[in-house]
Amino acid sequence: MLEDPQTRELDRVRTWLDNAKHVVFFTGAGMSAECGIPTFREAQTGFWARFDPMELASPEAFKRHPEQVLQWYAERRAQALNCAPHAGYRAIVEIEKSRRVTVITQNVDRLHQRAGSRHVAELHGNLITESCFKCEAVDYSQPNLNAPYQRYCKSCGGQLRPSIVWFGEQLPAEQVLKAEDALLTCDLLFIVGTSAAVYPAAAMPQLAKDAGAKIVLVNPERTEHAVLSSVFLQGAAGVVLPALLDRMNETA
Ligand code: BJW
Ligand code: ZN
């Protein structure tokens, strides 16, 4: 159960939602945690507690030992495809039925799209397709889940790699433009389940702040983004977002 002060904050946010014309949800790994997909930086359970990021999520690692990197992504792809979006994802889709909603996600699991969100900017790529290391062409034929193996580009013969933004790589320009446009035009921004540790994504919510949007932080822990936020809804995405939707429906 949400406590009373939290309920008051939920009511405040519900009023903002009622008046908002364009709502943005900016999400990170915590959004998918309740689906069973590990986050990156949590002390015991995060990927980076078990693996060295530079040995798996960098172009150098892929060049050094592609089979190990492909294996890791094949396992994660299978895991993501075996998960179902939780009630928090569905709450975002419900909210989109009555107003403009854009989702900006750092996640690569495609759960927002599978839940039914129609306007999604993917800042860090996706787990489902592969791209050519040489010419950057996207290969949409799904890689084999059980037997990861090196595949090659149909256009230029270059090595195919997961369509993921690794450390040191530029974020996809088209997705960044879509995200920036949404942040500059929204009146309400929810920042959900991200530690604010990775740039340039972590700096993006400032755009919405400077443009005058109200900002709501949804996370079990306070993060650096708290300084931008008017309200901190402390809790799990799969609890807080459905609670907010319930509140909207109760008073509709
Ligand atoms: C819940 C919850 C629940 C739990 N409900 N919430 C020094 C300063 C500034 C920048 C840099 C620097 N040194 C290097 C850089 C650049 C680097 C960077 O930012 N590094 C930092 C780590 C310091 N950035 C880059 O390299 C980026 N590119 C770039 O900068 O290009 C420009 C450039 C190019 C060339 C030269 C120079 C500049 C690219 C970054 C790519 C990030 N890729 C990853 C991994 C690959 C994807 C994959 O395999 O999946 O993307 S890193 C990893 O972190 C992943 C995530 O998208 C990203 C963000 O993590 P996120 O989502 O915030 O997860 P966590 O785990 O950190 O947090 C989870 C949160 O959820 C927590 O707050 C929990 O409390 C919460 N939570 N349960 C709600 N139920
Ligand atoms: Zn190619």
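What you are looking at is a predicted structure, and each value in this text was computed from that prediction instead of being measured. In this chain, residues are counted from 1 in sequence order. Both ligands and their constituent atoms are indexed starting at 1 by order of listing.
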Are I164 and ligand 1 in contact, using a heavy-atom cut-off of under 4.0 Å?
yes

Could you tell me whether the side chain of S229 and the main chain of F232 form a donor-acceptor pair under 3.5 Å?
no

Carboxylate-amine/guanidinium contact D187 K214, below 4.0 Å:
no

Atom 22 (C) of ligand 1 sits nearest the protein heavy atom A197 O, 3.8 Å

Indicate yes or no: does E250 engage R14 in a salt bridge with an N to O separation below 4.0 Å.
no

For residues W72 and F47, establish whether the separation of their ring centroids is below 6.0 Å.
yes

Atom 52 (S) of ligand 1: which protein heavy atom is closest, and how many Å away?
F167 CZ, 3.3 Å

Give me the residue, atom name and distance of the protein heavy atom closest to atom 77 (N) of ligand 1.
G30 CA, 3.6 Å

Would G46 count as a contact residue for ligand 1, given that I'm defining contact as a non-hydrogen atom of the residue lying under 4.0 Å from a ligand atom?
no

Is it true that T194 and H225 share a donor-acceptor pair across their side chains at a distance under 3.5 Å?
no

What residue and heavy atom of the protein are closest to atom 35 (C) of ligand 1, and at what distance?
G168 O, 2.9 Å

The closest protein heavy-atom partner of atom 75 (O) of ligand 1 is N219 OD1, 2.8 Å

